[in-house]
Novice: 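Below are the structure tokens for one structure; questions will follow.
Just follow the structure's listing: the first ligand is 1, and inside any ligand the first atom is 1. Position 1 is the first residue of the sequence; numbering continues from there. Note that these values count all heavy atoms, side chains included, but never hydrogens, waters or copies made by symmetry.
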Amino acid sequence: MSRVHVIGAGMAGLSAATSLAARGVSVVLYEQAKFAGGRCRSYHDTTLGCRLDNGNHLLLSGNRATIAYLDRIGATDTLVGPDKPLFPFIDLVSGAAWTLRLNRGVTPWWVLRRDWRVPDTSPRDYWALRRLQRAKPDDLVADLLGDLGPLYDRLLEPLAIAALNTKPEIASAAPLAAVVAESLARGGAASMPRYPAIGLSETFVDPALAFLRAHGTEFRFGARIAGLTVSENRVTGLVGPNVDEIIEPNDRVILATPPWVTAELLPSLTVPDAFEAILNLHFRAGIDPGKAGFYGLIGGVAEWVFEKTEVVSVTISAANDRLDSDPETLAAEVWSDLRRGFGLPRTMPPYRIVRERRATFAATPAQLARRPGPITRLSNLTLAGDYTATGLPSTIEGAIRSGATAANAERASG
Ligand SMILES: Cc1cc2nc3c(=O)[nH]c(=O)nc-3n(C[C@H](O)[C@H](O)[C@H](O)COP(=O)(O)OP(=O)(O)OC[C@H]3O[C@@H](n4cnc5c(N)ncnc54)[C@H](O)[C@@H]3O)c2cc1C
């Protein structure tokens, strides 16, 4: 019986593997780590003595591929969020607090309501968002939208940094336009904020592994693929410290590794090669979860804060310039912001900083031009991963979509 060998058990690999397994295809899943999830996982943190996510991940109800994936693996109920499309913000400089609220339908009448839109903005400001429809890869976010005053400072800039993990002065507006087209432009029903009820692994990883186990998938954890053997324009073998696998003539391979690994395995392929960090600081503390369970922060070190079961977690995106910050100084700066925003005590509680150095590729025009499609010059090898040419930024939705695309390419090729 022919098999599909999926390399990498991050979101892209799990998406591809579960799509194939659901169709009755025999799958072998290789993962270099002892656990699955890649850049989207939970773990037990010994410093804080509790379970943490490697980083806060925010999704939107309009993330269709993600919803379909969760439906497939039986985990739809583990993704939660407010029952209305709302986004609370706190301005740490002025002390102002507001909640952006959308109506559910496609016609955005919410912009007519002063108490629903961003303070000090007018309906006409939102009309200017149509510029995004014509955004080309070379258009930079700050050039295209930066003249929109409070709408830019209080919504578009934090939204762009969250979606693209790249400073708006160098980020392409095209992937932001794709996100807006699939969420805001489809109305509030497609723009509801969503996040895991417990943790990333409990929502995206553990149910997928259980699904694959039930469908007879063969797991190879701790199996780093260090090289592909190629003959007559097809992959004939996978090799690594613990792997020596022959790829049979009817077998196929999906490479769902991050771009820097894909580049080592396929040196002639062009892939993104500039990355942006994300830092998450987890404090052993609690804040009022409010209506949404999270807040956007304006004018602070971090852009978002999430109330979790055992910790308060903040996200600092596009954080390459913060990677080498002294941990105690950084934590004190963030704690000072949290004190101002949420009236927390002066004494800083135990904290943990999780640095993801290569959280996403940099969404610059030059890097977008390096994204490969799923098809390779090797007849039985397909690519998946958030860095492939999905049109979306480096996100869970992009990774899951790429995995589904790779699985469909397998079907097309028989
Ligand atoms: C801190 C942080 C916050 C984020 N926030 C958000 C957010 O709010 N919303 C959102 O949508 N996205 C967010 N993202 C992005 C999202 O997590 C990624 O886009 C997505 O997880 C990438 O999945 P992937 O499968 O493409 O890659 P990866 O997760 O990198 O998976 C690749 C897998 O391949 C394995 N592997 C590597 N080399 C080998 C090898 N040689 N052999 C075998 N296996 C190998 C790796 O161990 C890994 O498991 C965030 C990312 C980070 C790090």
Novice: What residues sit with at least one heavy atom under 4.0 Å from ligand 1?
Specialist: Ile7, Gly8, Ala9, Gly10, Met11, Ala12, Glu31, Gln32, Gly37, Gly38, Arg39, Cys40, Asn54, Gly55, Asn56, His57, Leu58, Ala223, Arg224, Ile225, Ala256, Thr257, Pro258, Val261, Ile278, Asn280, Glu356, Ala359, Gly385, Asp386, Ser394, Thr395, Ile396, Ala399
Novice: Working note: Ile298 + Trp98, criterion side chain to side chain contact (heavy atoms under 4.5 Å, CB included); need CA distance, chi angles, decisive distance, verdict.
Specialist: CA-CA 11 Å; Ile298 308 291; Trp98 67 91; 3.9 Å; yes
Novice: By ring-ring contact (aromatic ring centres under 6.0 Å, His included), which residues pair with His5, not counting sequence neighbours?
Specialist: Tyr30
Novice: Under the ring-ring contact (aromatic ring centres under 6.0 Å, His included) rule, collect the residues that match up with Tyr295, sequence neighbours excluded.
Specialist: Phe342
Novice: Quick one: ring-ring contact (aromatic ring centres under 6.0 Å, His included) partners of His57, sequence neighbours excluded?
Specialist: none
Novice: Tell me, do Arg377 and Ser268 make a side-chain contact under 4.5 Å, heavy atoms counted?
Specialist: yes
Novice: So which of Glu397, Arg401, Arg371 actually passes side chain to side chain donor-acceptor pair (under 3.5 Å) with Thr390?
Specialist: Arg371
